[in-house]
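I have placed the structure first, in the form of structure tokens, so that the comments after it can refer back to it.
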Amino acid sequence: MSIEKISIRQIKAARALLSWSQEDLAERSGVSVPTIARLEATDGPIGGRRSTAAAIRAALEQAGVAF
């Protein structure tokens, strides 16, 4: 299965729309807060493992965000 790349800006914008903190995203995605903070410290497409990106995207989509 191919995971479409999302950008760090999209993740931050989605969190803002949902009024989620990094801690909220971590809890809902199963990704650690330090990992989310590290990813959000850069710009551009989300890096790291595909499974991490997929978990973050799934948590945001389950909350109603459409990419």
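Rounding to the nearest 0.5 Å places CD of Gln10 at 12.5 Å from CD1 of Ile56. The structure places CD1 of Ile6 at 5.0 Å from CD1 of Ile46, a figure rounded to the nearest 0.5 Å. The line from CZ of Arg50 to OG1 of Thr52 is 11.5 Å long, rounded to the nearest 0.5 Å.
Listed by chain and number, the residues in a side-chain contact (heavy atoms from CB on, under 4.5 Å) with Ser32 are Pro34, Thr35 (sequence neighbours excluded). The side-chain hydrogen bond (donor to acceptor under 3.5 Å, both in side chains) search around Arg9 returns Asp43, not counting sequence neighbours. Residues meeting the salt bridge (Lys or Arg N to Asp or Glu O under 4.0 Å) test with Glu40, sequence neighbours left out: Arg15.
By the criterion of side-chain heavy atoms lying less than 4.5 angstrom apart, applied directly or through intervening Ile, Leu, Val, Met, Phe, Trp or Tyr residues, Phe67 is grouped together with Val31 in one hydrophobic cluster.
Inter-residue side-chain proximity for Leu60 and Ser29 is flagged as unmet; no heavy-atom pair is nearer than 4.5 Å. Side-chain contact between Ile11 and Leu39: absent, with no pair of heavy atoms (C-beta onward) separated by less than 4.5 Å.
Between Ala59 and Trp20, the shortest heavy-atom distance links the atoms O-CH2, 3.7 Å.
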